[in-house]
Amino acid sequence: MTKDYTPLWKEIGLDLAKHDGLLSVLSDAYKNIYLSQKNRPEGMKYFDFVISEVHGLRIEELYEAKKEKRKIIGTFCVYVPEELILAVDGVFVGLCAGAEVGFEEAEKYVPRNTCALIKAFMGFKLSGLCPYVELTDLIVGETTCDGKKKAYEIFDEITKKMYVMEIPNMKNEMDRELWHKEVIKFKDKLEEISGKEITLDSLKRATETVNQKRLALQRLSKLRAYDPPPISGLDALLVNQISFYDDPVRFTMKVNELCDELEQRVREGKGVVPKGTPKILISGSPFAIPNWKLHAIIENSGAVAVGEESCVGNRNFRELTDESFNSVEEGIEKIASRYIKIDCACFTPNNERIDNLKSLFNELKADGVIHYSLQFCTPYMIEAFKIEKKVDFPYMRIETDYSMEDFGQLKTRVEAFIETLK
Amino acid sequence: MSFLGIDIGSRYIKAVSIEKGKILERTVVETSYDPLKKSIEILKSYNPRRTVATGYGRHLLSFNGRTPTITEIKAFAIGAKYLIPSCKTIIDIGGQDTKIISLDEKGNVKKFEMNDRCAAGTGRFLEIMASALGYSIDEFGNIDDIEGTLQISSMCTVFAESEVISLIAKGVNRKEIAVAIHKAIAKRVISMLKKVSLEEEIVFAGGCAGNTLLKNIIEREINKKIIVPKNHHILGALGAAIHAENYFGG
Ligand code: SF4
Ligand code: SF4
């Protein structure tokens with residue numbers, strides 16, 4: 001970190017001693033997993049920097065934004081329309097957490113067999129370790145899986161900042177109407193707390209900003225299809241994770257710069273691994289930062305991860321919002337219809353996910369799919385079985401969490417799967 | 001010069017050397033608290049042309065001496081195919097995990113399943129249950145199969161042990177308890193087999209394959225013959241040695 005942020009952390013109300021511990025664990029993990037990689041693109045330097053400042057510079061930026069009366073809006077799901085947050089000049093941050101932190105605290109409120117993602121975001125808050133949660137003005141939840149729905153009730157008691165959007169379970173006409181109304185209601189809520197009205201102009205600008213970010217991420221995704229891929233799966237995953245809390249305009253610029261470099265590498269036939277290295281597409285539950293476990297295992301077992309059919313990944317940037325609207329109302333409609341295309345396992349039926357997975361598999365020229373479900377994530381765990389029966393490419397299901405307990409067994413399974421691809 | 005396969009398991013380290021496909025020598029030692037040291041000792045004593053490591057601790061050697069590795073799954077597939085060329089399904093019950101592997105015509109791994117995380121139903125589990133009942137591990141596997149309706153409901157090592165102790169306290173015959181334990185493990189193995197493959201020949205290998213009672217119960221329940229090769233406990237090491245010769249021998 002470039003400077004001492006202790007006064008800031010103190011002011012925000014973090015538990016300083018524990019927080020120091022967390023940062024040192026994180027920086028060690030980052031060194032071991034990230035900085036030890038070979039042939040990394042120069043363009044990753046920016047993202048290394050962002051990570052080193054994840055609780056530093058970015059927090060200071062948010063703090064400054066707050067002083068300028070901009071609202072900080074925290075989210076847990078890619079269903080929450082980022083465009084609207086930007087249209088009231090708000091700051092969007094993803095709050096999902098990917099480390100086994102504060103689980104003991106969390107287990108005072110939720111049962112042990114709750115998915116790690118939920119326990120982590122509760123744990124971070126309860127142990128006073130997440131500056132992002134502390135800086136938010138509003139935390140937006142959504143009615144997706146049962147675990148999250150119920151956890152938000154508790155989270156509201158603790159933070160008093162929750163706002164929950166109702167996400168339908170199906171995608172029929174009635175559901176679309178409900179969702180459309182929810183988006184309008186969310187717009188009203190944002191206007192109310194920010195004191196700013198969304199205009200055609202601000203909505204257009206916001207939509208363009210978010211679309212540009214998605215386009216940059218799409219560009220990065222396509223580059224991973226080359227053999228050899230110019231970037232590791234770990235690095236690409238990191239970029240996707242950072243997309244949830246960096247400034248969107250700066251982030252887009254940096255991703256595009258990275259992609260320029262990667263295109264150059266492709267022209268030179270340069271890659272991060274030898275040509276012919278087996279390519280794995282990962283599919284399933286989200287990978288909240290700093291959950292790098294599966295990617296690290298895959299890439300230390302003689303394969304390379306080339307895509308994530310996941311909310312931290314393809315599901316986040318696959319669809320653009322149609323920018324051709326001429327009124328705020330029309331814009332809201334376009335936004336609502338863009339988001340309801342997301343093929344989350346919380347919906348029923350969710351057959352489009354299998355089609356999307358198949359076409360992503362072909363597009364990325366992958367050799368096999370590893371389906372990853374967080375333990376106790378019933379929606380994805382069940383869909384994992386369904387998919388298995390409907391695909392003809394090499395496929396393996398795994399269930400895991402954030403702990404390192406199953407590392408050895410997982411490594412054996414992943415390696416054996418990769419052996420069958422060679 | 002010979003090729004060495006070394007299988008660093010959770011309980012034992014197994015090593016096999018081969019030359020032109022013929023087994024020359026073998027070693028089995030306890031893994032101990034310092035498996036790396038033990039493995040290096042073995043390497044030194046064999047002084048092979050090339051070595052391939054497999055098993056839970058395979059990466060120990062790969063970090064230290066750049067020994068190439070293959071997973072136990074692939075090693076067992078190669079070893080089983082070598083000993084029983086018509087093998088299509090492998091049951092491997094080792095010290096801390098259970099694996100079912102299905103092979104295609106050429107002997108490549110088609111599909112596999114592994115138990116996750118805990119030692120339920122594995123070699124370690126058998127050891128603990130045997131000692132709770134006062135049997136040696138050899139006696140335990142050679143008990144006669146008897147008809148009985150007694151069931152062990154828990155497969156968790158901790159719970160099963162206390163279940164067994166309470167059965168003993170109730171005065172239930174220990175032989176009956178022992179058979180019930182084996183039946184419970186067999187049930188687990190069979191459910192994994194059903195998920196992966198039941199195609200013959202079915203080969204039973206790994207440290208627990210010497211347990212005749214377990215083999216008999218599984219055979220009876222699936223109504224198919226199971227082959228236990230003479231070298232069942234060194235199958236992984238053998239597979240690794242064959243891989244070393246095929247890969248580096250040319
Ligand atoms: S997996 Fe579903 S609930 Fe989770 S972030 Fe994605 S869309 Fe939202
Ligand atoms: S990973 Fe699954 S169980 Fe966990 S919050 Fe997301 S949808 Fe819910």
Side-chain angles (χ1 to χ4, degrees), chain A residues 32 36 38 100 112-113 116 274 278 280 293-294 296-303 367-377 381 384-389 391-422, chain B residues 7-10 31 35 52-60 62-63 66 68-78 90 92 94-104 106-120 122 124 192 195-197 206 236 239-240 243 246-247:
Chain A
N32 291 338
S36 65
K38 292 194 194 86
E100 211 177 41
R112 288 200 63 186
N113 56 352
I280 307 281
K293 180 173 159 184
L294 183 57
I297 291 179
I298 291 174
E299 301 203 325
N300 282 312
S301 303
D367 298 304
V369 169
I370 295 185
H371 191 287
Y372 144 83
S373 316
L374 274 175
Q375 233 160 18
F376 311 120
C377 171
M381 274 168 25
F385 281 80
K386 220 171 104 181
I387 296 171
E388 185 165 32
K389 298 196 169 56
V391 295
D392 47 17
F393 42 66
Y395 177 90
M396 182 174 73
R397 258 185 301 114
I398 62 162
E399 280 158 28
T400 184
D401 57 17
Y402 297 166
S403 78
M404 285 297 147
E405 251 170 58
D406 60 345
F407 190 87
Q409 237 145 351
L410 211 54
K411 180 136 172 66
T412 301
R413 292 188 58 198
V414 168
E415 271 183 42
F417 180 66
I418 293 166
E419 281 171 349
T420 66
L421 302 177
K422 282 184 181 156
Chain B
D7 178 355
I8 308 171
S10 58
T31 302
V52 165
T54 187
Y56 199 74
R58 64 194 177 282
H59 293 294
L60 281 178
S62 79
F63 289 145
R66 278 182 295 141
T69 63
I70 58 176
T71 63
E72 306 91 285
I73 293 160
K74 184 167 177 170
F76 269 80
I78 298 171
I90 303 167
D92 162 26
Q96 281 188 8
D97 54 30
T98 302
K99 303 186 189 78
I100 306 291
I101 308 164
S102 80
L103 306 182
D104 66 13
K106 290 193 200 120
N108 295 318
V109 175
K110 237 176 30 190
K111 209 175 161 194
F112 63 90
E113 278 278 334
M114 249 172 102
N115 66 320
D116 32 56
R117 283 181 204 239
C118 68
T122 65
R124 184 79 193 117
M192 283 171 80
K195 272 193 226 158
V196 180
S197 155
H243 184 73
N246 290 344
Y247 218 75

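All heavy atoms count here, side chains included; hydrogens, waters and symmetry mates do not.
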A.B. asks: Is there side-chain contact between A:Arg397 and B:Glu113, with heavy atoms separated by less than 4.5 Å?
C.D. replies: yes
A.B. asks: Can you give me the closest heavy-atom contact between B:Gln96 and A:Gln409, atom names plus distance?
C.D. replies: O-NE2, 4.4 Å
A.B. asks: To check you understand the geometry: which heavy-atom pair defines the closest contact between A:Ala416 and B:Thr71, and what is its length?
C.D. replies: N-CG2, 3.5 Å
A.B. asks: Between OG1 of A:Thr420 and CD1 of B:Ile101, what distance do you get to the nearest 0.5 Å?
C.D. replies: 12.0 Å
A.B. asks: Restricting to non-hydrogen atoms, name the atom on B:Tyr56 and the atom on A:Gly408 that form the minimum distance, rounded to 0.1 Å.
C.D. replies: OH-CA, 3.8 Å
A.B. asks: Can you find a pair of side-chain heavy atoms, one from B:Val109 and one from A:Glu419, that are under 4.5 Å apart?
C.D. replies: no
A.B. asks: Check each atom of B:Lys111 against the heavy atoms of chain A and say whether the ones under 4.5 Å are side chain, backbone, both or neither.
C.D. replies: side chain
A.B. asks: Looking at every heavy atom in both B:Glu72 and A:Thr412, which two are closest together, and how far apart are they?
C.D. replies: OE1-CG2, 3.5 Å
A.B. asks: Quick one: does A:Lys422's side chain get under 4.5 Å of B:Lys74's, heavy atoms only?
C.D. replies: no
A.B. asks: For a quick test of reading the model, state the closest non-hydrogen atom pair linking A:Arg413 to B:Phe112 and the distance between them.
C.D. replies: O-CZ, 3.4 Å
